[in-house]
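Just so it is clear, the values below take in all heavy atoms, side chains as well, and ignore hydrogens, waters and symmetry mates. Residue numbers start from 1 in every chain, and the chains themselves are labelled A, B, ... in the order their sequence lines are given, proteins ahead of strands.
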Protein chains: 4
Amino acid sequence: MGRQPPLAGRDDPRLQERYEQLLTAAAEEFATRGYHQTTVKDIVERAGVATGTFYLYFANKEQSCAALIERLYGRVLAEVVAARAGKRTKLDKLAASIRAALQVFGAHRNLAHIALVRAPGAHPLFDELLARIHRELWDLVAEDIAEAIAEGLLPPQRADLSARALIGALYEVVISWLQAEVPARLEEAVEPLVAFCLRGLGAAWPPPR
Amino acid sequence: MGRQPPLAGRDDPRLQERYEQLLTAAAEEFATRGYHQTTVKDIVERAGVATGTFYLYFANKEQSCAALIERLYGRVLAEVVAARAGKRTKLDKLAASIRAALQVFGAHRNLAHIALVRAPGAHPLFDELLARIHRELWDLVAEDIAEAIAEGLLPPQRADLSARALIGALYEVVISWLQAEVPARLEEAVEPLVAFCLRGLGAAWPPPR
Amino acid sequence: MGRQPPLAGRDDPRLQERYEQLLTAAAEEFATRGYHQTTVKDIVERAGVATGTFYLYFANKEQSCAALIERLYGRVLAEVVAARAGKRTKLDKLAASIRAALQVFGAHRNLAHIALVRAPGAHPLFDELLARIHRELWDLVAEDIAEAIAEGLLPPQRADLSARALIGALYEVVISWLQAEVPARLEEAVEPLVAFCLRGLGAAWPPPR
Amino acid sequence: MGRQPPLAGRDDPRLQERYEQLLTAAAEEFATRGYHQTTVKDIVERAGVATGTFYLYFANKEQSCAALIERLYGRVLAEVVAARAGKRTKLDKLAASIRAALQVFGAHRNLAHIALVRAPGAHPLFDELLARIHRELWDLVAEDIAEAIAEGLLPPQRADLSARALIGALYEVVISWLQAEVPARLEEAVEPLVAFCLRGLGAAWPPPR
DNA sequence: TATGAATGAGCGTTCATTCAT
DNA sequence: CATGAATGAACGCTCATTCAT
């Protein structure tokens, strides 16, 4: 517990590759079987390495899963930030954020499955990590909403609750895609979801020209 | 796996009470520690009975958790059905459904925590059970939406996706209450959430008199 | 352990009947499932009484099985003694003993199954009990053989080993009947076995008139 | 139940040695305490390894015992086949078979104790396994007897019953040696038993020159 | 670096036995 | 006498983690 794995943060590309190989194997196993149903043996067998090798790259099983969660949300945040950059109004920024998040979830099915379904509730560490990430997302969205209200773009409302509702709508659509294949391709959900969320906030959507 | 536990579903009120006592203890433990972090020993110690007693009332650990999930959704469905009975329009029915569901979740914090956070992904049995329940809820809501569209109360949209978005918004608000105490009391979220969802569907809300 | 069951040795025929009922149920269960695969619950369910009732008649599970073994060998010994009474030569006594033993085993299939297959090796108490009984039988047979040798009816041989071989031949035929239904009816084995054993001892058999 | 243990049947002599070490410990415990009285903990403590190690070599407790039974009868059959090879008449083959079997039982006291006393009736798997082995032995012996009858070496008789009686005589002598030390050394029983069995079949024994 | 055999704490579950009613 | 719910010690087995090679 707490000991750094010996090979974390080395530069050797051979080690980087092996790390990715293990992380990919872990993602596949966690996503398909669930965190507690996956054994370290499952992961190393899929990766084609020995058990001990796993512990050269991860302090323990839970850290490997936490790394997957962080990787996903790192990308989500990066894409969200990038997508918002070009937008002028708060409403456009919100719409762009939703589109960007869905795009990343859609591009990383296994990671999405882990972060949205497999990890929550599975380990105190994940709950803590996810709580921190969610708070960040909520704050971002809630701030946008609060400012849009101030600008008169949205009617008065509790921004904190609306932000959570918005994120919940987004999550559930991703989960539905993961578990029930509704919709078959996640892109189909993008504009319907943007419309649902922005209307839900009280915006006129699609925006009147 | 296997046969019925001998004392499940007997009429004797003494046994009923014991069963409730165990179920309550299980709910508290599962909700606070998570399914896999909870041992049968934790449950029976909280209930103040011996290990063997647990197995007089439940076939095994997972069945006890499944019973909690079923109990929660049984109540949700019952309250939703009851609340809709008096309503005339589809939109009123949807609003009433949301209010009823939130009321039940709010009245059963531990069960909500288990069903929305602890159980999903923790065991194949739970995933199966929750999938069945969610499909039922989705169908209900999607049908309402489809009919409201047909009646011109809502603009054209993919009812299946909107239904999932609506449920996701609701779930996330409950989870937010469970984990971050936002809002402090779940009732505070009721009207904001109803507004978010019905506006999200494209309804004029609050309804013009 | 060691405490007398409260109802042992009472005269009330109602109690006797219940005791028989339990013993019969125990015999059926032990014979068909084996000693360790049989639970006290299995026995009382077959007997149609409550668990506690079992302990009114038996000190514990193993005593109930020991009682069955003792009952079987009690009958075997009684029949053997009775059958020998009318015989003149040692060889006739031996033949009569084998016939009597087979008759009792054939008449108490379940008890035979328990005493010959289920109990040996299943519990120290049974091993002890069976050892005592076997020693008694061996001594009886070995004595007959020794005397027959002394009388010149049999050639010189180690009576102790011959006695064991004789009993083993008998047991195995019974076991074969129990487990493989060879022969279909145990009576078919009687004269072949008598011939095998007496010839094995070195007697001219069937006896020259 | 389930899959192969990971380290069963590897070529590495280190692993072979471990396997033997565990098997020997298991044989000692099963032989002295009985199958159900022996815990896996007993075995690993005697072997001086950890609990988990046991499950690297055996799928479960019952498979370890089955392996012992199979090992014993594998050797019995091999020795019997080898001993018969040089013999000409059927009667010589039978006598050689008995001698070979006794020699193997005598050389593997613990395994004999398990196969003849501890395992029968202890687990359905063992009963099945032993039934298969016994049928093989019976068939072998019965065939010899039938052919000897056809060749006029033995009088007419039911070969199936005689075969069982012969095997029973042999088993009981071994059991007597195991449990009562009669005879003190199993070799002492060899010729008396051969004589008993062949005479029992109706042969003139010892064979007239 | 990589290996994989070894570890052992810990868990779910069973069942012989008891005792209040 | 009879009941059967309650008990709790004990067992088989798993799997995250270690470390000698």
Side-chain angles (χ1 to χ4, degrees), chain A residues 1 3 6-7 10 12 14-15 18 36-45 49-64, chain B residues 1-2 5-7 10 12 14-15 18 36-44 48-62 64, chain C residues 1 3 5-7 10 12 14-15 18 36-45 49-62 64, chain D residues 1-2 5-7 10 12 14-15 18 36-44 48-62 64:
Chain A
M1 211 59 42
R3 188 136 46 87
L7 306 185
R10 296 288 184 85
D12 188 332
R14 291 281 264 280
L15 304 189
R18 185 131 285 185
H36 279 103
Q37 285 73 41
T38 298
T39 67
V40 173
K41 197 160 174 282
D42 289 332
I43 296 171
V44 298
E45 273 174 5
V49 301
T51 316
T53 307
F54 180 89
Y55 290 90
L56 294 174
Y57 293 87
F58 303 102
N60 48 45
K61 182 183 164 190
E62 74 231 37
Q63 290 297 343
S64 73
Chain B
M1 219 110 325
L7 305 185
R10 294 284 186 84
D12 186 333
R14 292 281 261 279
L15 304 190
R18 249 299 129 93
H36 285 287
Q37 284 73 39
T38 298
T39 69
V40 173
K41 197 156 174 285
D42 290 332
I43 297 171
V44 298
V49 300
T51 316
T53 306
F54 180 89
Y55 291 92
L56 293 175
Y57 294 88
F58 303 103
N60 48 45
K61 183 183 161 190
E62 80 220 35
S64 74
Chain C
M1 217 37 62
R3 190 137 44 86
L7 306 185
R10 295 290 184 83
D12 187 333
R14 290 281 264 280
L15 304 190
R18 186 135 282 189
H36 279 104
Q37 284 74 41
T38 298
T39 68
V40 172
K41 196 159 174 284
D42 290 331
I43 297 171
V44 298
E45 274 173 4
V49 300
T51 314
T53 306
F54 180 89
Y55 289 90
L56 294 174
Y57 293 88
F58 303 102
N60 49 44
K61 183 183 163 191
E62 73 231 37
S64 73
Chain D
M1 218 117 317
L7 305 185
R10 292 285 187 84
D12 187 332
R14 291 282 260 279
L15 304 189
R18 251 297 129 93
H36 279 103
Q37 283 73 39
T38 298
T39 69
V40 173
K41 197 157 173 286
D42 290 332
I43 297 171
V44 298
V49 301
T51 315
T53 307
F54 179 88
Y55 291 93
L56 294 175
Y57 294 87
F58 303 102
N60 48 43
K61 184 184 161 190
E62 80 221 34
S64 73

Counting the atoms with a prime plus P, OP1 and OP2 as sugar-phosphate, which does Thr39(A) contact under 4.0 Å by heavy atoms, base, sugar-phosphate, or nothing?
sugar-phosphate
Out of dT3(E), dA5(F), dT3(F), which nucleotide sits closest to the side chain of Val49(C)?
dT3(F)
For a quick test of reading the model: is some side-chain N or O of Lys61(A) closer than 4.0 Å to OP1 or OP2 of dA16(F)?
yes
Using a cut-off of 4.0 Å on non-hydrogen atoms, how would the nucleic acid contact of Arg14(A) be classed: base, sugar-phosphate, or nothing?
nothing
Are the side chains of Arg18(D) and Val49(D) in contact, using a 4.5 Å heavy-atom criterion?
yes
Search all heavy atoms of Leu56(B) against all heavy atoms of Pro5(B) and return the closest pair with its distance.
O-CB, 3.7 Å
Gap between atoms CG and P, on Asp42(A) and dT14(F) respectively (whole Å):
13 Å
Between P of dC1(F) and CZ of Arg18(C), the distance in whole Å
11 Å
Could you tell me how far apart His36(C) (NE2) and dG12(F) (P) are, to the nearest whole angstrom?
11 Å
Taking any heavy-atom pair under 4.0 Å as a contact, classify Ser64(C): base, sugar-phosphate, or nothing.
nothing
Looking across every strand, which nucleic acid part, if any, lies under 4.0 Å from Tyr57(D) by heavy atom: base, sugar-phosphate, or nothing?
sugar-phosphate
Nearest heavy-atom approach of Tyr55(B) to Val40(B) is OH-CG2, 3.6 Å
Between Thr51(B) and Thr51(D), the residue closer to the 5' end of DNA chain F by nearest nucleotide is Thr51(B)
Choosing from dC1(F), dA5(F), dT7(E), which nucleotide comes nearest the side chain of Leu56(B)?
dA5(F)
Between atom CG in Leu7(D) and atom C1' in dG4(E), what is the gap in whole Å?
9 Å
Please report the shortest heavy-atom distance between Arg14(C) and Asp12(C), naming the atom on each side.
N-OD1, 2.8 Å
Tell me, do Ile43(B) and Thr38(B) make a side-chain contact under 4.5 Å, heavy atoms counted?
yes
Taken to the nearest whole Å, CD/Gln63(A) to C1'/dA16(F) is 14 Å
Measure the distance from CZ on Phe58(C) to P on dA16(E) and round it to the nearest whole Å.
14 Å
Any strand: nucleotide that pairs with dG4(F) via Watson-Crick or wobble, under 3.5 Å:
dC19(E)
Ranking Thr53(D) and Lys41(C) by the position along DNA chain E of their nearest nucleotide, the one closer to 5' is Thr53(D)
In terms of heavy-atom contacts, Lys61(A) and His36(A) come closest through NZ-CA, 4.2 Å
Listed nucleotide nearest any side-chain atom of Leu15(C), set dG12(F), dA16(E), dA2(F):
dA2(F)
Gap between atoms CZ and C1', on Phe54(A) and dG4(E) respectively (whole Å):
15 Å
Between Gly52(C) and Gln37(D), which is nearer to the 5' end of DNA chain F once each is assigned its nearest nucleotide?
Gly52(C)
Whole angstrom value for the distance that separates C1' of dA6(E) from CG of Asp12(D)
14 Å
Please pick, from dT18(F), dT18(E), dC13(F), the nucleotide with the shortest atom-to-atom distance to any side-chain atom of Asn60(D).
dC13(F)
